[in-house]
Amino acid sequence: MRIAIPVDRTDMEGKVHASFGRAPFFLIYETDTQDAKFFENQALVSPGGAGTKSAQVMLDYAVDALLTPRCGEKAARVLEAAGIKLHKTDSTSIEESIAAFLEGKLPPIMPVQAELSNHGGD
Amino acid sequence: MKIAVLSGKGGTGKTFIATNMAAVAQESTYVDCDVEEPNGHLFLRPKEVQVKSVTVPIPVVNEALCNGCRKCVDFCRFGALAYTGRGLIVLDDICHSCGGCVLLCPENALTERKKTVGEIHEGVSRSIKCITGVLHPGEASGVPVISKLLQGLDQVPTPVLIDCPPGSACTVMESIRDADYCILVAEPSLFGVHNLAMVWELVQLFQKPYGVVLNKCLPGDNPAETFCCEREIKILARIPFSHGLGFMNSQGIVAVWEDRSLHTLFAGLLERVAKEVQREYEAVAYP
């Protein structure tokens, strides 16, 4: 199974980033092989739609699940349409988040309403 | 002659200035561009109101023709399109209606539908043509409604008073785009100065001729006045803070229709702005 986590650095000691679309990097983690790859988030500097653009990246990496502290409503719409599972992690530790997910302890996420999410501007 | 009335925040007196200036002219047009919360109609109470809807184009995908090339997804800088492998998703609330995806699609799988985002109400109040923009709740941007409001203003009675939304964002830029003159309304507080500085920066960026109206003036120091004097910004008028004015505003009364001295003040303001516009015109025509 392939999972994704928004992170602030490109190593496993980094922290889970507080937002999805505006995270500096994404970790793509293979639960079977424990293989970890980090990718720069191209949507970080996007004037708008960073959430949906990041969602598209998740689709393109064919991830099965996304572990994130929060996720915007529009990004969630795209991810759910593609069948990607959304789970809420409250830990800032990458290792802990993965462990909790594998133990089935991470609940499904409630997407944040558009007006509360930090979506660029016009 | 198109005169835009701006301020950095709500409640400074844009609608007060714009409606009263419209009311002292022989004939005029009042345009309410504060489409999220239009309130000029509460004072002018226009009659014979006609309603037109404002629409924007939104892409629609023909699933049978879409081959998943994703050219549209990569093109859209607002992330309004996503491809899931099962099909294309259009997120119409973040679409800016640029039409680029439709032009770009090599399979002609995208067409456009019309989505209603607001309304334009057009009526008459005494000798004032009163045009109001209304954005539907939940819509992200008032710009399409404002853009539609300002089309065809060349055939309406002048002066045209454009009542802008508060602030200095896209909706204000759209509102002042075709204005011949900008009036900046300022309150006598430090907060008022901060807001004045924002719109002052904007009108300079747009290279618009402008002047300031100091509203709600009290005896003693006026930080907004000091700001203007230090930067040699023209002060067009000073309107006193008064219980009587507050009362008339709360009752939805157009002040110049009730108060002779205010009528004189506003007639003077309109005349002053007309002269400024004339001077600008001559400076361009005969440099």
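By convention in this document, chain letters (A, B, ...) are assigned in the order of the sequence lines, proteins followed by strands, and residues within each chain are numbered from 1.
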Q | Flag if over 12 foreign heavy atoms under 6.0 Å of CD, B:E122 | A | yes
Q | More than 12 heavy atoms from other groups under 6.0 Å of CG on B:L42 | A | yes
Q. Does A:R77 pair with B:D93 as a salt bridge, N-O distance under 4.0 Å?
A. yes
Q) If you check every heavy atom in residues 80-101 of chain A against those of chain B, which residues fall under 4.5 Å? A) A:A81, A:A82, A:G83
Q) Taking atom CD of B:E37 as the centre, does the number of heavy atoms from other residues, nucleotides or ligands within less than 6.0 Å exceed 12? A) no
Q. Taking only heavy atoms into account, what residues of residues 53-63 of chain A are found under 4.5 Å from chain B?
A. A:K53, A:Q56, A:L59, A:D60
(Q) Does any backbone or side-chain atom of B:R77 lie under 4.5 Å from a heavy atom of chain A? Answer side chain, backbone, both or neither. (A) both
Q. When you look at CZ of A:F39, are more than 12 heavy atoms from neighbouring residues, nucleotides or ligands closer to it than 6.0 Å?
A. yes
Q. Just wondering, are more than 12 heavy atoms of other shown residues or ligands nearer than 6.0 Å to CD in A:Q34?
A. no
Q. Heavy-atom count around B:K148 NZ within 6.0 Å, excluding the residue itself: above 12?
A. no
(Q) Looking at B:E201, I'd like to know if its CD atom is crowded, meaning that more than 12 non-hydrogen atoms belonging to other residues, nucleotides or ligands lie closer than 6.0 Å. (A) no
